[in-house]
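Each chain gets a letter, A, B and so on, in the order the sequences are listed, and its residues count up from 1. Everything quoted here is computed from the prediction, not taken from an experiment.
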Number of protein chains: 2
Amino acid sequence: MSLHAPKLAPRDCGDCQIRHRAVCARCDGDELARLEEMKYYRSFQAGQNIVWSADRMDFVGSVVSGIATLTQTMEDGRRQMVGMLLPSDFVGRPGRAIAPYDVTAVTDLVMCCFRRKPFEEMMATTPHVAQRLLEMTLDELDAAREWMLLLGRKTAREKIASFLTILARRETGLKAKTPKGQISFDLPLTREEMADYLGLTLETVSRQMSALKRDGVLELEEKRRITVPNYDRLAEETGDDADGGMLA
Amino acid sequence: MSLHAPKLAPRDCGDCQIRHRAVCARCDGDELARLEEMKYYRSFQAGQNIVWSADRMDFVGSVVSGIATLTQTMEDGRRQMVGMLLPSDFVGRPGRAIAPYDVTAVTDLVMCCFRRKPFEEMMATTPHVAQRLLEMTLDELDAAREWMLLLGRKTAREKIASFLTILARRETGLKAKTPKGQISFDLPLTREEMADYLGLTLETVSRQMSALKRDGVLELEEKRRITVPNYDRLAEETGDDADGGMLA
DNA sequence: CGTCTTCCTTGATCCGGATCAAATGAAAGG
DNA sequence: CCTTTCATTTGATCCGGATCAAGGAAGACG
């Protein structure tokens with residue numbers, strides 16, 4: 001669930017601006033103050049599970065730093081990642097007590113949380129917050145549907161390229177549609193996590209990364225550090241049409 | 001986007017109860033009346049396109065009868081269905097003018113519509129409606145994520161079985177989790193449309209349907225009319241765990 | 001009636017990605 | 001330094017589903 005550029009500049013509200021922008025870009029001072037009182041922080045270590053599927057989830061919140069993933073697992077162990085949460089992304093389901101998937105910290109992670117009940121009560125009395133959450137949920141739904149196209153119809157090479165363009169876009173300012181020229185960034189996920197995201201095996205991920213490197217689409221100086229010499233060249237590999245593809 | 005059982009009994013409001021339950025299960029009389037004034041109907045023929053991807057979409061609404069689909073298409077023609085709308089499902093994206101996918105009537109279809117602008121204005125002043133829409137969007141998101149698991153990790157046979165359990169559940173009362181015994185229903189989609197839904201080819205869909213028939217999981221008396229002699233036997237084929245799988 | 005057309009089934013073959021297996025490299029710890 | 005561990009790469013082989021191709025069944029319509 002990613003953050004749209006707020007319509008209004010975020011107000012200064014202590015050390016947790018990210019969270020306020022995420023859930024309350026258009027709130028007035030009172031609402032900000034009420035949110036401020038309710039918040040608390042939780043830290044997680046890399047690899048630590050935050051919520052298990054089918055468990056109660058008694059909080060909502062935003063990622064302050066680090067990366068979390070949402071995954072679904074079948075009885076026999078097949079896994080599919082269904083969401084990746086980067087800083088400023090929102091976690092949680094107002095009105096829903098039970099988590100339908102595992103939430104896991106893949107790096108060290110700090111979240112800014114609100115207990116679910118009082119948050120919901122506040123939501124009921126401040127229409128802006130409900131509307132903001134609806135917007136964010138619609139964004140997530142768009143992203144999920146784009147991902148369904150990727151999972152159902154793209155080749156392994158296109159999947160990898162699509163994934164990298166998403167990271168590249170997150171890197172160069174939130175949601176900039178067409179970054180230009182050379183971009184470097186770290187891969188936040190292991191090959192296996194990428195495979196779970198893309199509906200592939202880790203071997204196929206590794207092979208396709210090597211192939212893209214061989215073809216000059218990217219450089220891999222450190223296995224987890226990538227340089228894309230030419231964003232447009234990478235974008236051609238995604239199978240999306242030229243004008244951006246992942247746009248909402 | 002499917003309809004939760006309303007918390008309150010729907011009020012009698014003319015010939016369009018479905019729509020009111022969908023967007024306004026908890027509205028009071030005034031709000032119902034305002035919705036009533038705004039509504040209008042649109043009919044579409046089987047196969048007719050309702051909205052093209054990237055077009056403006058100036059209405060929201062509910063399906064009254066018939067079936068519509070949401071699909072994304074790649075430049076080279078690869079298609080992935082990303083949603084299937086049955087009666088009472090909601091269509092449209094409050095706050096979003098541009099449709100990110102094609103909306104198509106796959107059968108003759110009647111929709112109950114509201115112009116987007118006034119609907120949004122009403123939403124801003126009636127918190128119940130925004131909250132109801134948030135709930136519905138969260139349901140859709142859950143369904144999309146379940147679908148991502150299907151697309152990314154299930155075998156062709158599991159995909160077909162999963163699809164049929166969804167239809168079977170819709171058939172036996174909305175969202176009943178485990179229908180019992182024998183169920184018969186019509187297949188609303190062609191083999192090709194099923195393939196687009198499941199990330200397969202139409203040949204594979206046909207072959208797997210034949211295989212399930214050969215194995216006694218289902219009977220196909222008329223190609224588009226299915227009988228499942230034992231729901232649990234079908235559910236075993238989905239790969240989901242025994243307690244329902246598709247539950248939210 | 002015969003001929004389209006559309007939808008579906010079935011067969012033969014191919015290929016992309018999965019699976020099985022081994023080796024490399026880097027970091028951590030004794 | 002050596003050993004262990006974990007992430008990654010690469011090779012060899014296999015197989016599920018795609019692709020190519022042909023034929024059948026049911027309307028629609030002259």
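- The aromatic rings of B:Y197 and B:W147 sit tilted relative to each other, their planes meeting at an angle between 30° and 60°.
- Using a 4.0 Å heavy-atom cutoff across all strands shown, A:L202 reaches at least one base atom of the nucleic acid.
- Atom C1' of nucleotide C:dT9 and atom CG of B:L212 are separated by 15 Å, given to the nearest angstrom.
- B:R224 comes within 4.0 angstrom of the backbone, heavy atoms only, and of no base.
- Here the side chain of A:N230 pairs no donor or acceptor atom with the backbone of A:G181 at under 3.5 angstrom.
- Taking each heavy atom of A:V205 and A:M194 in turn, the nearest pair found is CG1-CE, 3.9 Å.
- Protein chain A touches strand DNA chain D; the 5'-most and 3'-most nucleotides with an atom under 4.0 angstrom of its non-hydrogen atoms are D:dA7 to D:dA12.
- Residue A:S206 is classed as a base contact, given a heavy-atom separation below 4.0 Å to a base.
- Comparing A:V205 and A:R153 against DNA chain D, the residue whose closest nucleotide sits nearer the 5' end is A:V205.
- Side chain to side chain, B:T227 and B:S184 meet the donor-acceptor criterion of an N or O pair below 3.5 Å.
- When heavy atoms are screened at a 4.0 angstrom cut-off, A:G199 is found touching the sugar-phosphate backbone but no base atom.
- Across all strands, A:T190 comes closer than 4.0 Å only to sugar-phosphate atoms, never to a base (heavy-atom distances).
- Between the CD atom of A:E203 and the P atom of C:dA22 there is a distance of 14 Å, given to the nearest Å.
- For the residue pair B:S162/B:T165, the side-chain donor-acceptor check at 3.5 Å is not satisfied.
- When all heavy atoms of A:Q72 and B:R145 are compared, the closest pair comes out as OE1-O, 3.1 Å.
- Residue-to-nucleotide proximity on DNA chain D shows that, of B:T155 and A:T204, the 5′-proximal contact is made by A:T204.
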